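Here the structure is laid out as structure tokens; the discussion comes afterwards.
All of these numbers come straight from a predicted model, not from anything done at the bench. Atoms considered below: every heavy atom in the structure, side chains included; atoms not considered: hydrogens, waters and symmetry mates.
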Amino acid sequence: MDETRRDRDTEGRAHNARPRDGLGRPLPYGSPGVERQPEGVVRSPRETVREAQRLLDAGMPFHAHEVFEDAWKSGPVAERELWRGLAQLAVGLTHAARGNVTGGARLLRRGAAALTEFMDGSESVASVDSADGGAPAHGIEVGALTGWARELAGRVEGPGAEPVDAAAEAPRLRGGGR
């Protein structure tokens, strides 16, 4: 690849084709990287949560954010803030794992704040009659997840804090916090 030219997709739009590591950082052309998430995939909420959880558990929160971003862009308007907030949590974990303390803490808190409209007290607003695990939160334990995000944000800002292990810190989307 000629590094002075921009990468383009088949339709001529700018598209970065550089390989990336598990935290989404670009690597030099020709380096082995991890497989990238395809963009624009429309999944059911259940598939979105399952795929994002798999990526979070594998220590790939940047890739999980891309899954949430697809749901945010393709889902119903009433759920966009849910998926956007989850994407922000994933990017916050990405930054915390990369050692970007300020960005990590800021995005973890911003994502937690975005999710508050999907909470009723300390529980998620998920109903039990939906085949997808409840709507609008689709069975996601919003209260536990926002608590996890705020706790991690405080920890990564602490004096002498080191980058976190993304897999070890991965939250449970269903089943409560970490």
Inset, instruction - Kindly give the heavy-atom pair with the smallest separation between Pro19 and Pro28, and that separation in Å. - result: CG-O, 3.4 Å
Inset, instruction - Would you sort out whether Leu115 and Leu86 count as a side chain to side chain contact (heavy atoms under 4.5 Å, CB included), showing the intermediate values? - result: CA-CA 8 Å; Leu115 295 177; Leu86 292 167; 4.1 Å; yes
Inset, instruction - Establish, yes or no, whether a centroid distance under 6.0 Å links the rings of His65 and Phe68. - result: no
Inset, instruction - Measure the spacing between CZ of Arg20 and NE2 of His63 and express it to the nearest 0.5 Å. - result: 8.0 Å
Legend entry - Sidechain N-carboxylate O distance under 4.0 Å for Arg106, Glu157: no
Inset, instruction - Kindly say whether Gly40 contributes a backbone atom to a donor-acceptor pair with the side chain of Glu69 at under 3.5 angstrom? - result: no
Legend entry - Closest contact, heavy atoms only, Pro171 versus Leu93: CD-CD2, 4.2 Å
Inset, instruction - Check the side chains of Glu79 and His138 for a donor-acceptor pair under 3.5 angstrom, ignoring hydrogens and angles. - result: yes
Legend entry - Check against salt bridge (Lys or Arg N to Asp or Glu O under 4.0 Å), Glu162 and Arg155: CA-CA 10 Å; Glu162 296 287 325; Arg155 205 163 14 103; over 6 Å; no
Inset, instruction - May I ask you to decide if Val42's main-chain N or O and Ser74's side chain share a donor-acceptor pair within less than 3.5 Å? - result: no
Legend entry - Separation of Thr146 OG1 from Leu108 CG (nearest 0.5 Å): 11.5 Å
Legend entry - Joint cluster assignment, Trp148 & Leu82, ILVMFWY side-chain distance < 4.5 Å: yes
Inset, instruction - Measure across Asn100 and Gly103 and return the closest heavy-atom pair with its distance rounded to 0.1 Å. - result: OD1-N, 2.9 Å
Legend entry - Within one Ile-Leu-Val-Met-Phe-Trp-Tyr cluster: Val34 and Val67, side-chain cutoff 4.5 Å: yes
Legend entry - Spatial distance of atom CE (Met60) from atom CG (Leu23) [nearest 0.5 Å]: 9.0 Å
Inset, instruction - May I ask you to decide whether Arg98 forms a salt bridge with Asp21, counting only side-chain N to carboxylate O separations under 4.0 Å? - result: no
Legend entry - Beyond-backbone contact of Leu27 with Arg18, side-chain heavy atoms, under 4.5 angstrom: no
Legend entry - Taking every non-hydrogen atom, the tightest pair across Thr116 and Ala113: OG1-O, 2.8 Å
Inset, instruction - Kindly compute the distance separating CZ (Arg84) from CH2 (Trp72), expressed to the nearest 0.5 Å. - result: 6.0 Å
Legend entry - Arg50 and Glu47 ion-paired at < 4.0 Å: no
Legend entry - Residue pair Leu173 / Val49: nearest heavy atoms and the distance that separates them: CD1-O, 3.8 Å
Inset, instruction - Answer with yes or no whether the hydrophobic clustering places Trp83 together with Leu56; edges join I, L, V, M, F, W, Y residues whose side-chain heavy atoms lie under 4.5 Å apart. - result: yes
Inset, instruction - Please lay out, stage by stage, how Leu89 and Leu107 fare under the test side chain to side chain contact (heavy atoms under 4.5 Å, CB included). - result: CA-CA 6 Å; Leu89 293 183; Leu107 281 162; over 6 Å; no
Legend entry - Ala64 versus Ala52, closest heavy-atom pair with distance: CB-O, 3.7 Å
Inset, instruction - Give, for atom NE2 of His95 and atom CD of Gln88, the distance between the pair rounded to the nearest 0.5 Å. - result: 10.5 Å
Inset, instruction - Give, for atom CZ of Arg172 and atom CD of Glu141, the distance between the pair rounded to the nearest 0.5 Å. - result: 10.5 Å
